[in-house]
2 protein chains.
Amino acid sequence: MAVSMHDVARVAGVSQRTVSNVVNNYEFVRPETRQRVLDAMAALGYVPNAAARSLRSARTGLIALVVPDFRARIFADLAGPVVREAEALGYTVLIELTGSDREHELTVLTGGRNQLTDGAIMMALSLRPEDGQRRRVDYPIVLVGDQVLEGQVHHVGIPNKDASAAVVRHLVSAGRRRLMLLGHDPHGGQTARMRARGFLDGLAEEGLTAHEELLVGAGWTREGGQSAIEEHLDAGRPMPDAIFAMNDSLALGALRALHARGIRVPQEVALVGFDDVEEARYATPSLTSVSPDVEALAANAVAMLHEQITGKPSGREQHIMVDFRLKVRESSQ
Amino acid sequence: MAVSMHDVARVAGVSQRTVSNVVNNYEFVRPETRQRVLDAMAALGYVPNAAARSLRSARTGLIALVVPDFRARIFADLAGPVVREAEALGYTVLIELTGSDREHELTVLTGGRNQLTDGAIMMALSLRPEDGQRRRVDYPIVLVGDQVLEGQVHHVGIPNKDASAAVVRHLVSAGRRRLMLLGHDPHGGQTARMRARGFLDGLAEEGLTAHEELLVGAGWTREGGQSAIEEHLDAGRPMPDAIFAMNDSLALGALRALHARGIRVPQEVALVGFDDVEEARYATPSLTSVSPDVEALAANAVAMLHEQITGKPSGREQHIMVDFRLKVRESSQ
DNA sequence: CTGAAAGCGCTAACAC
DNA sequence: GTGTTAGCGCTTTCAG
């Protein structure tokens, strides 16, 4: 059996209460008493028991990070900052992988399997807006990304619409006029819809209109991007002078297809992606991409969750949009 | 306050003990009693309290996955399989990020900050062999990757040596003779040393010897690979007809440098990497790479940890090497 | 098969 | 400032 507070108290010649006070940095302990307790703790190798503490305090100090999969770069990028921010507030992060399964995501929304975590940060891909109603109200949750639920659900989002419009402005100001949207999916998730909206709004603001044949559907993967471009070219459809791929995977796939067909980027076609994955910097040519502020995403999500957990009245907005930057690289200039 | 077993017992008209039996799938409960309890649980929305359970049973059901950083692809690749395997055995996975900090890795080795986890799977990069002595014996740990500590530490490894020798055989059988080792670091970590060893042994087996000037040091990053190749070429050192880069980042950096200098891959120089990151498949030309069996790595690590936690006598080896495959792609043929 | 009851280690209300 | 003490919700020993 591990050493308990009781053992420490006995060795230090104080009561358990005093040991607890020291462990929890309670202010009013005489310095010499504190030192005696600290010495006893060190001598015995005392480590507080998390289970007992959370049983008593009804808080576990654990928060869940619920993501579809770590293979997709954006989720892996999120993990580091979330862990760091959480640690700073005294939480430990626990991973939960949903595989984008709707049932699994609903389970989290309705309170999780057991009372293991104080709350969750979730990147949900399969929830529907009306699922918000099913949320268990006393389980703190912050949604990250795009899926906005109905009801009182805190949320930190990526500025898909604004950033997409910014991409259009960038391309048009560089003299491009025939813009292709790659990865179009009007009945897909909110991410796809918002990025398309930003693209179309951006065109409209510039006095341009979208060419139907340049709104190209494709799975949001490299294979998707590559084959969509190949098919487009092989079918002899109108040639764009710029391509906005809805994420970097699509863009890198497109780049490969263009390269294989001998079409020069950016001379003949400019190319812009979204997410700014690491590879974007190292592609040939390096890829212009939208870089959402992931650190801010993590920091806000953890802070909002912490506020819910501690029940602090929030001065913060319930919905936050983080900032973005357009990293202009070789592929678009 | 949440519903407790006591509440369920009262509603079902049984004792708390019986509820516990039902929750834990204890066999000898009369079916009708079981059903009554189940109904009561459903009616009250009962969820077992993890803290109380682990306080009582001295097991938390949590295991820590300790990695340097999720940005490095290999760690992200490991997370999914580990979580799945752990789940199958009834564990939940908790992330701990060390940032390759030796102190942090030592903390884990010596038992972790608190008794929050039943054990840990660690990918240690900064520990030294002698640190094995400092291990707290009653805290189950499985090391993953290469760093083997002295003493009784379970370990699942990647076959760096064998795989590197296989790369050499592949290149030689394709007619290459002047092989460069990129990323050489004879005083570096065990990963670098074992891959170099495999490379040199492989050459020796083929009756070839390594040219000193073709053992090229470089940081294991794209920048490292790129600048090392650029310098090598600019200095007019001997030109290899094949390059074995010790990881894919190095290889992709090298590819960029070769491309920039107009050297054709694989016609003039063949190129092989290690790790088989996703980008390897999508590089131009696609990159031949060693693909360690990450699923097996995860499965073995979790199984070994589980055995230590439950104190089961292990029929399994204490040190396991997982399998690998050489994915031959355009860059080497 | 089921009931009664003893803690697991800790926090915090209550005393002094 | 410090000691006493009552549980938090659960598992498990001992009876029946």
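Lettering follows sequence order; numbering is per chain, from 1.
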Point to revise | B:Q16 CD to D:dT12 P, straight-line distance once rounded to whole Å | key: 13 Å

Check your understanding: In whole angstroms, how far is the P atom of D:dT12 from the CZ atom of B:R59?
Key -> 11 Å

Check your understanding: How long is the span from the CD atom in A:Q133 to the CG atom in A:L109, to the nearest 0.5 Å?
Key -> 10.0 Å

Review point. Do the side chain of B:R53 and the base of D:dG9 come within less than 3.5 angstrom through a donor-acceptor pair of N or O atoms?
Key: no

**Study point:** For the student: nearest non-hydrogen atoms of B:I141 and B:Q308, plus distance
**Key:** O-NE2, 2.9 Å

Point to revise | Divergence of helical axes at both termini of the helix from C:dC1-D:dG16 to C:dC16-D:dG1 - five pairs an end, 10° steps | key: 30°

Point to revise | Rounded interatomic separation in angstrom, taking NE2 from B:H6 and C1' from D:dT11 | key: 16 Å

Check your understanding: Does any N or O in the side chain of B:T107 come within less than 3.5 Å of the main-chain N or O of B:E103, such that one atom is a donor and the other an acceptor?
Key -> yes

Review point. Which is true for A:V23 with a 4.0 Å heavy-atom rule: it touches a base, it touches only sugar-phosphate, or it touches nothing?
Key: nothing

Review point. Are A:R36 and A:D39 ion-paired here, with the side-chain N under 4.0 Å from a carboxylate O?
Key: no

**Study point:** Interatomic distance where OH belongs to A:Y46 and P belongs to C:dG9 [whole Å]
**Key:** 10 Å

Practice item. Decide yes or no, distance alone: a donor-acceptor N/O pair under 3.5 angstrom between the base of D:dG9 and the side-chain of B:R56. Key: no

Study note, to complete from the structure: By nearest-heavy-atom nucleotide on DNA chain C, the more 5' of B:R17 and B:L55 is B:R17

Check your understanding: Could you give the CE-to-P distance, from A:M5 to D:dG3, as a whole number of Å?
Key -> 14 Å

Exercise for review: Round to the nearest Å and state the distance from B:N49 atom CG to C:dC10 atom C1'.
Suggested key: 14 Å

**Study point:** Side-chain N,O (B:S20) to OP1/OP2 (D:dT11) below 4.0 Å
**Key:** yes

Check your understanding: Would a distance-only check, ignoring hydrogens and angles, find a side-chain to backbone donor-acceptor pair under 3.5 Å from A:E85 to A:A303?
Key -> no

**Study point:** Side-chain donor/acceptor of A:S126 to backbone N/O of A:S100, under 3.5 Å
**Key:** yes

**Study point:** Considering all heavy atoms, the nearest B:V19-B:V14 contact
**Key:** CG2-CG2, 3.9 Å

Review point. Counting just side-chain N and O atoms, does B:T33 come under 4.0 Å of either OP1 or OP2 of C:dT2?
Key: yes

Exercise for review: Give A:S4 one of three labels, base, sugar-phosphate or nothing, depending on what nucleic acid heavy atoms sit under 4.0 Å from its own.
Suggested key: sugar-phosphate

Review point. Roughly, in whole Å, what's the span from CE in B:M41 to C1' in D:dG9?
Key: 15 Å

Practice item. Give the nucleotide from the list C:dC10, C:dT2, C:dC8 with an atom nearest to the side chain of B:Y26. Key: C:dT2

Exercise for review: Starting at atom CG of B:N24, determine the distance to atom P of C:dT2, rounded to an integer number of angstrom.
Suggested key: 15 Å

